[in-house]
There are 2 protein chains.
Amino acid sequence: MRQQPEGTPTRRTTLADVAAAAGVSRALASIVMRGAEGAGEATRLRVLEVARELGYRPDSRARLLRSSRTRLLGVTFTLSEPFHGEVVESIYAAAEADGFDVVLSAVGARRPESRAVESLLDAGIEAALMIAPSSAPDLLAAYARQVPVISLLSTTSAEGVDVVRSDDGAGVRAAVEHLVSLGHRNVVHIDGAGAVAADERSAAYRAAMQEYGLSANIRVLHGGAHEEDGLRAAGELVAGSIPDAVVAFNDRCALGVLEAVRRAGLNVPEDLSVTGYDDSQLSRLSHVQLTSVSQDAPRLAAAAVACAAARLASQEPKDLVHQPQLVVRETTGPAPARV
Amino acid sequence: MRQQPEGTPTRRTTLADVAAAAGVSRALASIVMRGAEGAGEATRLRVLEVARELGYRPDSRARLLRSSRTRLLGVTFTLSEPFHGEVVESIYAAAEADGFDVVLSAVGARRPESRAVESLLDAGIEAALMIAPSSAPDLLAAYARQVPVISLLSTTSAEGVDVVRSDDGAGVRAAVEHLVSLGHRNVVHIDGAGAVAADERSAAYRAAMQEYGLSANIRVLHGGAHEEDGLRAAGELVAGSIPDAVVAFNDRCALGVLEAVRRAGLNVPEDLSVTGYDDSQLSRLSHVQLTSVSQDAPRLAAAAVACAAARLASQEPKDLVHQPQLVVRETTGPAPARV
DNA sequence: TTGAAAGCGCTAACAA
DNA sequence: TTGTTAGCGCTTTCAA
């Protein structure tokens, strides 16, 4: 038997073992282990010492099963989205600070969001943080009837679902404003084409252009959330008359745009400025240096965790909408002097 | 109370509810729910119907706690590594096919691998699949004493740990062979600089060069696993005498190399060929089209799950080492006619 | 401050 | 084929 090298059936040490070895009852040992009050200092130290010696680790299944306060936060995210990963990392940090544990459930090509959420519910989570949820509103509402549900990055909400997000309108406006202040007039938007938050960003683009008296120059191209989409859309764009600047739906899309521009023999930002959205790791790569709107993943994550905590304490959550910030890097510059 | 809209304390329906409603014992209901044998056809249908009506979902904590056969596979992976995500997706698919459930635990900047594994152990997994593990051998061995541990992508093993991987030596050799057959002689390797599998790949590069009588041209540069590393290393490279080709440690590193080459005003593959490693989504992007060595994530994942299954059945695992395959795209071409 | 007893929701022997 | 009986390891009253 490879699991029991010595042939001895080494059971995992349980709380009962610790209690016995320390000469106390299981209940008391339990109190000590979870740091609850009701144990004398001497006992507490002794139990802790014994637990350490025996290499005791509480069994999370049993603990979760018994207590209604599991302090467990469920998170759904998409494996193929790097930015989701950044948010998840931040959620770990924020949750730990608030004394929560985190359990992950991935959404992928072969794993629909419904399955991801349900497995979390079965695991005994107290609240669900869903990153860019794609489920139908009535499904989301059904989940929200079981635990508090917080939707991140997406504006699509539902009955009982809290939405923690950055103000996409303000973000896009900041990008347009930045470009206009650099002298650009022909600012094109390559949209998210049905992706989460796409409509809100397009609307903000239109509004901002109008605000700056550039209604006549409004032009929205059908893009998408990935490199390929940006490449395709920008490919068509540069085949015609070159605009001054492109506001891309997100960073990945912007990367595709950059490539298309490059292929057309144009220089960024001399011939054309480009902005992204997310301020993801991608945008920060030294060879990319993409001007991008930061959603500030750490702050968003902290707000989401705080929102969950508030709901669990039957309080009204706050700080649900955050102000994004434009991070200017090297893909935007003064407008070219065109004919 | 937002969770109980009607004020009725709606408990989650349990197996007992289903049993009562169907007029059978809990044990029998359990048999039906998990598809075990020992229930009459009529009862089975009735129980199933009642369960559906009541919206019953088994509580995974209770189920896990009770049964020793949890059919639960734990997976550790790094959030910031896109290729890990690809492997995880494939593990989901493979595990499902083999009747396993999967629980994820991420490694991140603020979450060491040790914590990731321990939380899995506490969750009651039957085996751990660790993607590119970085723990010390004695730690890995300690984990392996508790459950079968399978290490993916990495060759670093430990007592009792199975390693499922592709033959990196063969992969690098295939890349070098491909380049040599295209007429390249000055083939430089930008290594992984201490990353998982880096040493094996460098060694294979040296061996392959030697094999082709190119010992004199062996040149290994200090690189790394990310874009920045490739960019830096290749930046230094192109500042000197330009080689014929570069074998990069992995795809992300290769991307950095491509950028450096581009900046130097050189064309790929006309002036210089570049190969990556992983055949990740990145390499397949239409604007990248990177020639890369495929680790075949789906096959690797299937092998890892099969390995876990074998260990759990006290059988010897097989198919631990896979033959990688070179995927030729557009970053490699005939050697330039140089002076 | 401590301990006894009950039970979270489920599965697995066993007996009927 | 069905039901009974015992727990899995832990937390949580309640009494001592």
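Please read these numbers as outputs of a predicted model, since none were measured by experiment. Heavy-atom basis, side chains included; hydrogens, waters and symmetry copies ignored.
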Under-3.5 Å donor-acceptor pair between B:Arg66 side chain and D:dG7 base: yes
Checking contacts here: which listed nucleotide (D:dG9, D:dT12, D:dT4) is nearest the side-chain heavy atoms of B:Ala27? D:dT4
In whole Å, what is the span from the CZ atom of B:Arg44 to the C1' atom of D:dT2? 13 Å
Does the Lys NZ or Arg CZ of B:Arg71 fall within the cation-pi geometry relative to B:Phe100 - under 6.0 Å from the ring centre and within 45° of the axis? yes
Less than 4.0 Å between a side-chain N and a carboxylate O, is that true for A:Arg115 and B:Glu96? yes
Between C:dT2, D:dG3, D:dT2, which nucleotide has the shortest distance from any of its atoms to the side chain of B:Thr43? D:dT2
Strand-adjacent residues in residues 52-62 of chain A, judged by heavy atoms under 4.0 Å from DNA chain D: A:Tyr56, A:Pro58, A:Asp59, A:Ala62
A:Ser67, nearest nucleotide to its side chain (from C:dA12, D:dC8, D:dT12): D:dT12
Out of D:dT4, D:dT11, C:dG3, which has the shortest distance to the side chain of A:Ser30? D:dT11
So B:His322 and B:Arg165, side-chain hydrogen bond (donor to acceptor under 3.5 Å, both in side chains) or not? Walk me through it. CA-CA 6 Å; B:His322 287 251; B:Arg165 60 184 186 93; over 6 Å; no
Checking the side chain of B:Ser25 only, and the main-chain atoms of B:Leu28 only, is there a donor and an acceptor separated by less than 3.5 Å? yes
Using a distance-only test with no angle check, is there a side-chain donor-acceptor pair under 3.5 angstrom linking A:Ser105 and A:Arg111? yes
Picking from D:dT2, C:dG9, D:dT11, the nucleotide nearest the side-chain atoms of B:Leu28 would be D:dT2
Return yes if the base of C:dG9 and the side-chain atoms of B:Arg63 contain a donor-acceptor N/O pair under 3.5 Å, otherwise no. no
